[in-house]
Protein chains: 2
Amino acid sequence: MTKSCIRVFADVAQIKQCKTEIDRVAPTIASIARALSLSGNEVRLKILYLLSKESQLCPCDLSDILGMTVPAISQHLKKLREGGLVVSEKVGQTVFYSLHKENLNVINPILDSLVITEQKSTVS
Amino acid sequence: MTKSCIRVFADVAQIKQCKTEIDRVAPTIASIARALSLSGNEVRLKILYLLSKESQLCPCDLSDILGMTVPAISQHLKKLREGGLVVSEKVGQTVFYSLHKENLNVINPILDSLVITEQKSTVS
DNA sequence: CTATTATTTAAGCAACTACTTAAATAACGA
DNA sequence: TCGTTATTTAAGTAGTTGCTTAAATAATAG
């Protein structure tokens, strides 16, 4: 870290500009990275996909569908809720989870691309 | 796991259908989740963003720009390369990294959304 | 009130991540 | 060749993640 790149082709102005630019977008990148790492888990991505298909599901349903324990599911849902990607509504003893559509600008294209990828592979 | 959801409103047919559907898309989800978890790291997302702006950068540049040690950067680049998100080309002692555009269908919308988000926040 | 059901929370733990420092590899120039 | 530079690899480690099981919380029915 003390020594920096001194190669002949290094473009000092370019590097400086990159530093400025990355500082500028850093907060946005941090927030997007958070959303991506949330959905970068196989179980949570499945939950998001299922919610995009079914509009709402409870932890119990998801436990059945994904073949996992209820606490395991609940902990994933907690992360998704805290990350603002899903919302929950309690109806009696049951808690229904659904996508938090307003916060899904990062995730939506991914779910879309999933559908597209599936269509492609179904066709071929 | 042994006991399944027995609530009154549970829709057995819906659950069964979801199971079938999730099994069908599981391989695609796994591969997308891998790409998302790769780009769900702040440093790696910054690298991808910088490469989308600069077309090619070496580990040394990135170390300078991001204020991190070269080995730390190198290890991130290795993951991105193994995940197929970037490619490298050696020129003399320098290794230039650039985006592997063909494999970026999952990541591209994210980088785009980053630009869009930045424009929004700049305007407001 | 008591038992049952749905969900969440907590504690423990194995596996993974992302850094560190040191060493290895490779290209270059004097 | 020797010393320098660019990069990668390796080993060690603190922190994080994702599960497990057990316990806590809350709603409902008898």
Side-chain angles (χ1 to χ4, degrees), chain A residues 1-11 15 30 33-48 56-83 86-98, chain B residues 1-11 15 30 33-48 56-83 86-98:
Chain A
M1 292 259 309
T2 51
K3 287 202 292 184
S4 73
C5 182
I6 60 168
R7 72 194 159 75
V8 180
F9 301 119
D11 181 338
I15 304 237
R34 239 173 285 130
L36 291 179
S37 66
L38 273 177
S39 45
N41 170 282
E42 227 171 293
V43 173
R44 286 193 294 269
L45 190 56
K46 282 180 181 175
I47 291 175
L48 292 172
Q56 63 173 28
L57 291 165
C58 66
C60 194
D61 286 339
L62 289 165
S63 162
D64 270 11
I65 296 167
L66 299 177
M68 296 177 62
T69 64
V70 169
I73 295 291
S74 180
Q75 284 159 20
H76 281 300
L77 287 170
K78 185 182 187 182
K79 290 192 175 182
L80 290 172
R81 185 166 16 89
E82 288 175 348
V86 305
V87 291
S88 61
E89 186 200 4
K90 186 160 192 173
V91 177
Q93 319 182 51
T94 307
V95 177
F96 288 105
Y97 282 85
S98 52
Chain B
M1 293 260 309
T2 50
K3 288 203 290 183
S4 72
C5 181
I6 59 167
R7 74 194 156 76
V8 180
F9 301 119
D11 181 337
I15 303 236
R34 237 172 287 131
L36 292 179
S37 66
L38 272 177
S39 45
N41 171 282
E42 227 171 294
V43 174
R44 286 193 296 268
L45 190 56
K46 282 179 180 173
I47 291 175
L48 292 172
Q56 63 172 29
L57 291 165
C58 67
C60 195
D61 288 338
L62 288 166
S63 162
D64 270 10
I65 296 167
L66 299 177
M68 297 177 61
T69 64
V70 169
I73 295 291
S74 180
Q75 284 158 21
H76 281 300
L77 288 170
K78 185 182 188 184
K79 290 193 175 186
L80 289 172
R81 186 167 14 90
E82 288 175 346
V86 305
V87 291
S88 60
E89 187 200 5
K90 187 159 193 174
V91 177
Q93 324 181 49
T94 308
V95 178
F96 288 104
Y97 282 85
S98 52

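Letters go in sequence order (proteins before strands), and every chain restarts at 1.
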For D/dT7, take OP1 and OP2 only and decide whether either is under 4.0 Å from a side-chain N or O of B/Ser74.
-> no
Using the closest heavy atom to pick a nucleotide of DNA chain D for each, name whichever of A/Lys90 or A/Ala72 lands nearer the 5' end.
-> A/Ala72
Closest-nucleotide ordering on DNA chain D, the 5'-leading residue of A/Arg44 and A/Gln93 | A/Arg44
Nearest to side-chain heavy atoms of B/Pro59, which nucleotide of C/dA6, D/dT8, C/dA18 | D/dT8
From the options C/dA6, D/dT21, C/dT21, select the nucleotide whose nearest atom is closest to the side chain of A/Pro71.
-> D/dT21
Check every atom of D/dT8, D/dG18, C/dA27 against the side chain of B/Arg81 and return the nucleotide holding the closest atom.
-> D/dT8
Quick one: does A/Ser88's side chain get under 4.5 Å of A/Leu77's, heavy atoms only?
-> no
Can you tell me how far P of C/dC19 sits from CG of B/Leu66, to the nearest Å?
-> 10 Å
Taking side chain as C-beta onward, heavy atoms only, is A/Val95 less than 4.5 Å from A/Cys58?
-> no
Atom-to-atom span, CG of A/Leu77 to P of C/dT7 - whole angstrom = 10 Å
Whole-Å distance separating the CD atom of A/Gln56 from the P atom of C/dA6 | 16 Å
Can you tell which of C/dT7, D/dG18, D/dT7 lies closest to the side chain of A/Val70?
-> C/dT7
Protein-nucleotide distance (A/Met68, atom CE; D/dT20, atom C1'), rounded to Å = 11 Å
Interatomic distance, A/Leu36 CG vs C/dT17 P [rounded to whole Å] | 16 Å
Rounded to whole angstrom units, what separation is found between the CZ atom of B/Arg34 and the C1' atom of C/dC16?
-> 16 Å
Would you kindly check whether a donor in the side chain of A/Gln75 faces an acceptor in the base of D/dT17, or vice versa, at under 3.5 angstrom?
-> no
Which distance, rounded to the nearest 0.5 Å, do you find between the CD of B/Glu82 and the CZ of B/Arg34?
-> 12.5 Å
Ignoring backbone atoms, test whether B/Tyr97 places a side-chain nitrogen or oxygen under 4.0 Å from the OP1 or OP2 oxygen of D/dT8.
-> yes
Quick one: which of D/dT7, C/dT7, D/dT8 gets closest to the side chain of A/Cys58?
-> C/dT7
For C/dA18, does either OP1 or OP2 sit under 4.0 Å from a side-chain N or O belonging to B/Lys79?
-> yes
Between C/dA18 (C1') and B/Lys78 (NZ): distance, integer Å = 14 Å
Find out whether B/Ser63 and B/Thr69 are in side-chain contact, i.e. whether some heavy atom of one side chain is under 4.5 Å from a heavy atom of the other.
-> no
Taking the side chain as C-beta and beyond, is there a heavy-atom pair between B/Val86 and B/Leu48 under 4.5 Å?
-> yes
In whole Å, what is the span from the CG atom of B/Asn41 to the P atom of D/dG15?
-> 17 Å
